[in-house]
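Structure, as structure tokens:
Sequence positions, counted from 1, serve as the residue numbers for this chain.
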Amino acid sequence: MECAMGTLINVTYRLPISVGKSVRKAADGLLGTIDHAIRDRPLTWVGWPGRIVTLDQQREKISEDLKTMNGHIPVFLSQAELDGFYYGYANSCIWPALHYMPQYMHYENRWWKNYTAVNERFADVIAGTAAADDTIWVHDYQLMLLPRILREKRPGLRIGFFLHTPFPSYELFRTLPHREDLVLGLLGADQVGFHTFGYMRHFRSTVLRLLGY
């Protein structure tokens with residue numbers, strides 16, 4: 001996917017920062033890799049700041065502090081949203097399936113509602129801030145619905161997705177609740193990236209067998 005000359009908006013479920021008495025950068029392998037690779041264009045991040053913040057005044061302070069860090073943009077979550085979205089559906093359901101460990105999969109209906117709502121929240125934040133020539137780069141299994149939701153809100157945006165885990169065979173992926181929604185979510189991107197040819201092949205097979213594409 002060729003990048004336009006606008007800002008590269010890097011989207012991860014969590015920002016590469018630490019929030020305490022002040023906001024500062026945190027050690028992050030992805031941060032180091034992207035900072036090294038992207039030198040010729042503006043770069044910013046969208047993500048959860050890593051702390052539950054309920055007071056409007058505190059949220060405003062964190063948002064202002066993040067503006068000085070390449071314009072990072074926070075997506076604030078409640079504890080219930082974090083529990084259902086991250087610890088629930090993403091890590092208790094998707095993660096075991098992607099890593100060929102179905103014996104550890106667990107699912108509750110309320111988790112899917114949280115997962116969907118948080119992906120929608122991310123899309124709202126990005127859609128409200130991205131310029132027409134920006135490129136959106138979404139990362140990992142926590143945000144698999146985001147490309148399609150964002151595409152519906154801002155059809156002209158350039159959107160990429162990279163999965164930082166394996167993508168399993170269709171026989172295992174089909175055991176996931178809402179599997180069609182996850183695949184359709186990824187297909188909202190202009191380009192989807194995987195670590196290996198084998199993972200890409202599994203994804204193509206899954207798309208064909210689930211959706212007929």
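For Phe162 and His195, the ring centers are positioned less than 6.0 Å apart. If you look at Tyr199 and Phe194, their ring centroids are not closer than 6.0 Å.
With rounding to the nearest 0.5 angstrom, the CD1 atom of Ile9 is 7.5 Å from the CG atom of Leu157. Distance CG/Asn114 to CG/Asn119: 11.0 Å, rounded to 0.5 Å.
Note: the hydrophobic cluster containing Tyr213 also contains Leu186 (ILVMFWY, side chain heavy atoms under 4.5 Å, direct or indirect links). Val183 and Leu208 fall into different hydrophobic clusters, where Ile, Leu, Val, Met, Phe, Trp and Tyr residues are linked whenever their side-chain heavy atoms come under 4.5 Å apart, directly or through other members.
In this structure, Gly185 and Pro147 approach most closely via the heavy-atom pair O-CB, 3.1 Å.
With hydrogens and angles disregarded, no donor-acceptor distance shorter than 3.5 Å links the side chain of Asn10 to the backbone of Trp45. Under a 3.5 Å cut-off, the side chain of Glu64 and the backbone N or O of Lys61 do not form any donor-acceptor pair. Side chain of Tyr100 to backbone of Ser169: a donor-acceptor contact under 3.5 angstrom is found.
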Side-chain donor-acceptor distances from residues 170-180 under 3.5 Å, at least two apart:
| residue | atom | partner | partner atom | Å |
| --- | --- | --- | --- | --- |
| Glu171 | OE2 | Arg209 | NH1 | 3.1 |
| Thr175 | OG1 | Leu172 | O | 2.6 |
| His178 | NE2 | Tyr107 | OH | 2.8 |
| Arg179 | NE | Arg174 | O | 3.1 |
| Arg179 | NH1 | Arg174 | O | 3.0 |
| Arg179 | NH1 | Leu176 | O | 2.9 |

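Salt-bridge check for Asp124 with Lys153: passed, with a basic side-chain N closer than 4.0 Å to an acidic carboxylate O. One finds no salt bridge joining Asp181 and Arg148 here, because no Lys/Arg side-chain nitrogen approaches an Asp/Glu carboxylate oxygen to under 4.0 Å.
Side-chain polar atoms of Asn91 and Tyr141 form a donor-acceptor pair below 3.5 angstrom.
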